[in-house]
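The structure appears below as C-alpha cells.
In each ligand, atom 1 is the first atom listed, and ligand 1 is the first ligand listed.
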Amino acid sequence: MQSWQSHPVPRLAGTPRPLRLYDTATREIRPTAPGATATMYVCGITPYDATHLGHAATYLAFDLVHRQWLDNGHAVHYVQNVTDVDDPLLERADRDQTDWLVLAMRETALFREDMEALRVLPPRDYIGAVEAVPEITEVVAKLLADGIAYRVNDDYPDVYYAHEAIGTFGSVSHYDEPTMRALFAERGGDPDRPGKRHPLDALLWRVARPGEPSWDGELGSGRPGWHVECSVIALNRLGMGFDVQGGGSDLIFPHHEFSAAHAEALTGQHPFARHYVHAGMIGLDGEKMSKSRGNLVFVSRLRGDGVDPMAVRLALLSAHYRTDRTWTEDLLDAGEDRLARWRSAVSLPAGPDAADTVARLRTHLADDLDTPKALLAVDAWTTEALTAGGHDHAAPQLVRTAVDALLGIAW
Ligand code: 5CA
Ligand code: ZN
C-alpha cells in the first residue's frame with residue numbers, strides 16, 4: 001500500500017541520549033538496543049471511520065520513538081498494517097449500504113492525510129491485510145501442518161490456533177486466565193464457539209460465509225484472523241526479535257499476546273519483539289474514545305475547523321503517553337497557547353543560551369518519552385526568551401531545530 005509523505009527531519013548537533021522505554025512484557029523501563037537499523041511495528045487502523053484523537057495520540061507516541069532513534073543515528077525500518085478487512089468494517093459497510101473495499105480505501109486515505117498534517121513520520125512498509133493474504137495463508141497452512149493449528153468440525157471448518165502450543169503464552173500481558181477470558185470475549189474473540197479445543201484458542205482462518213469477502217488458496221476460500229495478520233506482516237519484514245511492537249493498551253490482550261505467540265510457535269524462537277510498548281487510552285466524557293461507542297473527536301474535523309495540527313500535537317503530547325487521559329477543549333486551548341508562545345520565542349533575533357534546554361529535551365524524551373518534562377524544558381527557555389531576552393543569536397534556531405527534530409513541530 002502507498003504510505004504517506006515524509007517531512008525532512010533536521011539533524012541536531014550535540015549528544016543524543018539512548019532511548020529507554022517501558023516494556024509491557026518485562027514490566028520495567030529498559031534501554032532499547034537497536035542495531036544500525038532500528039525496527040518497529042505499530043498496529044495500524046481498522047479503516048471504517050475517521051482517525052480520532054485516541055489513534056492520533058498513539059501514533060504520535062511511536063513517532064517520538066522513531067525520532068529518538070533517528071537522533072541516535074539509527075536508520076529506522078518502520079512497518080504498519082491496515083486491518084482493511086475485518087468484521088467491524090464489514091458491519092459498517094453493511095449498515096451504510098456501501099462497498100467495504102471503498103469504505104476502507106476512503107478512510108485509509110483520510111488517515112494518511114491526518115498523519116501527514118500531524119507530521120507523523122511514515123512507515124517504510126504500509127501493508128494492508130488484503131494485500132498480505134497470500135503470505136498469511138502460507139503461515140496458517142504451516143501451523144496446520146505442524147499440528148499447532150486445527151480445524152473445527154463444523155459446516156464452516158474454521159482454523160484455530162491451539163494457544164497452549166508454546167510455553168511462553170502469557171508472557172506479553174501476564175494476565176491470569178479469568179482476565180484473559182474476559183478480554184478475549186470483549187475484544188473480538190469467540191470463547192463460546194462450539195468445536196474449539198479451548199475457549200481461548202484464536203481464529204487463524206475464517207472459512208467463507210455467503211456474502212463475505214474471501215480469498216482462494218491452499219486453505220480453501222476464506223479470510224485470515226486478525227492476530228495472525230499482524231504477526232505475519234511484521235515477521236516477514238522485520239524478522240524475529242525486532243525492537244518494538246507497539247499500539248494502544250487495548251491491544252495488549254488478546255492481540256499482541258497472540259501475534260507474538262503465533263510467530264513464536266511458527267519459528268520456535270522467542271521473543272517476537274524485544275519491547276512491547278503500549279500507549280494509554282484517550283477518553284472523552286469519562287469513556288474510552290472508540291468507534292463502537294461513538295464518542296469521537298476526529299483529527300479531520302479539527303483540521304476542517306481550522307485548528308492548527310501542531311497545536312493538536314502539543315495538546316496530545318502534554319501528558320505522558322502511558323497515562324489514560326481525557327480529551328478536553330482546555331487541553332486544545334493550552335496546546336494553542338503553548339504553540340503561539342513557542343513560535344514567538346523562536347522568531348526572536350536572539351535568546352538565552354539553549355544548549356542546556358536541548359540537553360534536557362533529549363534527556364527527558366529518552367527517559368520513556370517523558371513529554372510533560374520535555375515540554376516544560378522548552379517552556380522555560382521560551383519564557384526567559386520572551387521576558388528577560390538574551391544575546392545568543394544562534395539560540396532561537398537551535399530550539400527550532402531541536403523541537404522540529406525531536407517533537408515534530410513545524411514552525
Ligand atoms: N487495526 C487494529 C490493530 S491491528 C486496531 O486496533 N485498529 S483501531 O483503529 O481500533 O486502532 C488503531 C490504533 O489506535 C491501535 O493502536 C489502538 O490501540 C489505538 N487506539 C484505539 N482507540 C484508542 C484510544 N481511545 N486512545 C488511544 N489509542 C487508541
Ligand atoms: Zn495489529
Side-chain angles (χ1 to χ4, degrees), residues 1 24 40-63 65 79-92 103-104 107-108 110-111 114-115 118 120 123 125-130 132 136 172 183 186-188 202 224-235 237-238 242 244-263 272-273 276-299 315-317 319-327 331:
M1 243 187 204
T24 303
M40 173 161 74
Y41 183 91
V42 178
C43 281
I45 54 161
T46 306
Y48 66 87
D49 215 336
T51 317
H52 60 63
L53 290 169
H55 304 134
T58 291
Y59 297 114
L60 283 174
F62 293 97
D63 189 53
V65 172
V79 181
Q80 188 178 130
N81 71 304
V82 185
T83 310
D84 55 358
V85 56
D86 200 10
D87 295 340
L89 173 73
L90 299 175
E91 282 159 21
R92 178 63 64 91
L103 172 64
E107 296 304 346
T108 305
L110 188 59
F111 174 73
D114 289 336
M115 291 296 105
L118 289 169
V120 173
D125 300 313
Y126 192 44
I127 310 291
V130 168
I136 299 162
V172 175
L183 291 175
E186 194 182 302
R187 298 175 179 165
W226 173 33
H227 317 308
V228 73
E229 292 170 359
C230 285
S231 195
V232 173
I233 293 172
L235 183 62
R237 285 155 193 82
L238 302 175
F242 60 92
V244 164
Q245 155 76 309
S249 60
D250 58 338
L251 298 185
I252 296 172
F253 194 90
H255 189 51
H256 286 172
E257 193 76 73
F258 275 103
S259 294
H262 295 337
F272 177 53
Y276 296 89
V277 179
H278 295 104
M281 289 291 112
I282 303 289
L284 187 71
D285 306 329
E287 284 214 74
K288 172 190 159 187
M289 206 178 275
S290 76
K291 288 175 273 212
S292 45
R293 286 195 178 86
N295 59 341
L296 307 176
V297 179
F298 295 124
V299 175
L316 289 173
L317 294 179
H320 192 260
Y321 79 98
R322 282 197 282 121
T323 38
D324 293 337
R325 52 207 196 274
T326 302
W327 175 259
L331 204 60

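- Residue Thr46 touches ligand 1 through backbone and side chain together, judged by heavy-atom distances below 4.0 Å.
- At distances below 3.5 Å, not a single donor-acceptor pair connects side-chain atoms of Asn81 with backbone N or O atoms of Ile127.
- Polar contact with ligand 1: absent for Trp226 (N/O pair, distance under 3.5 Å).
- Which of Asp250, Ile252, Leu284, Asp84 comes nearest to atom 18 (O) of ligand 1 through a heavy atom is settled by distance: it is Asp250.
- The His255 neighbourhood of ligand 1 comprises atoms 4 (S), with distances under 4.0 Å to a heavy atom of that residue.
- At least one N, O or S atom of His255 sits under 2.8 Å from the Zn ion (ligand 2).
- In this structure, Asp84 contributes its side chain and Val130 its backbone to a donor-acceptor pair below 3.5 Å.
- A salt bridge does not link Asp250 with Arg187: none of the charged nitrogens is closer than 4.0 Å to a carboxylate oxygen.
- Residue-level proximity to ligand 1 for Ile282 is carried by backbone and side chain together, each with a heavy atom below 4.0 angstrom.
- Residue Cys43 has at least one heavy-atom neighbour below 4.0 Å for each of these atoms of ligand 1: 3 (C), 4 (S), 16 (O).
- Below 4.0 Å from some heavy atom of Cys230 lie the following atoms of ligand 1, by number and element: 4 (S).
- Residue contacts with ligand 1 include His52, since one or more of its heavy atoms lies under 4.0 Å from the ligand.
- Of the heavy atoms in Ile45, both backbone and side-chain atoms come closer than 4.0 Å to ligand 1.
- Thr24 places a side-chain N or O within 3.5 Å of a backbone atom of Tyr276 that can act as its donor or acceptor partner.
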Worksheet entry | Criterion side-chain contact (heavy atoms from CB on, under 4.5 Å) on Asp49 and Phe298, from CA distance to verdict | CA-CA 9 Å; Asp49 215 336; Phe298 295 124; 3.6 Å; yes

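- When atom types are taken as modelled, the side chain of Glu257 and the backbone of Val172 share a donor-acceptor pair closer than 3.5 angstrom.
- In the vicinity of Gly247, heavy-atom distances shorter than 4.0 Å reach the ligand 1 atoms 16 (O).
- At least one heavy atom of Gly280 lies less than 4.0 angstrom from ligand 1.
- Taken to the nearest 0.5 Å, the CD1 atom of Ile45 stands 10.0 Å off from the CG atom of Leu89.
- Taking backbone and side chain together, Cys230 holds an N, O or S atom under 2.8 Å from the Zn ion (ligand 2).
- In summary, the atoms of ligand 1 found under 4.0 Å from a heavy atom of Tyr59, numbered by their order in the structure, are 12 (C), 13 (C).
- If you number the atoms of ligand 1 from 1 as listed, the ones under 4.0 Å from a heavy atom of Thr83 come out as 1 (N), 2 (C), 4 (S).
- Ligand 1 has a nitrogen or oxygen under 3.5 angstrom from a nitrogen or oxygen of Gly44.
- Ring-centre distance between Phe272 and Tyr41: not below the 6.0 Å cut-off.
- Using cut-offs of 30° and 60° for the angle between ring planes, the Trp226 and His255 rings count as parallel.
- In the vicinity of Met281, heavy-atom distances shorter than 4.0 Å reach the ligand 1 atoms 23 (C), 24 (C), 25 (N), 26 (N), 27 (C), 28 (N), 29 (C).
- Close approach to Gly248 involves these atoms of ligand 1, each under 4.0 Å from a residue heavy atom: 16 (O), 17 (C), 18 (O).
- Ring pair His55/Tyr59 is tilted by interplanar angle, where 30° to 60° counts as tilted.
- Distance alone, capped at 3.5 Å, is enough to place a donor-acceptor pair between the Ser259 side chain and the His227 backbone.
- Using modelled atom types, no side-chain atom of Arg92 and backbone atom of Pro47 make a donor-acceptor pair closer than 3.5 Å.
- Contacts between Asn81 and ligand 1 below 4.0 angstrom, taking non-hydrogen atoms only, involve the side chain exclusively.
- Looking at Glu229 against ligand 1, nothing comes within 4.0 Å, counting heavy atoms.
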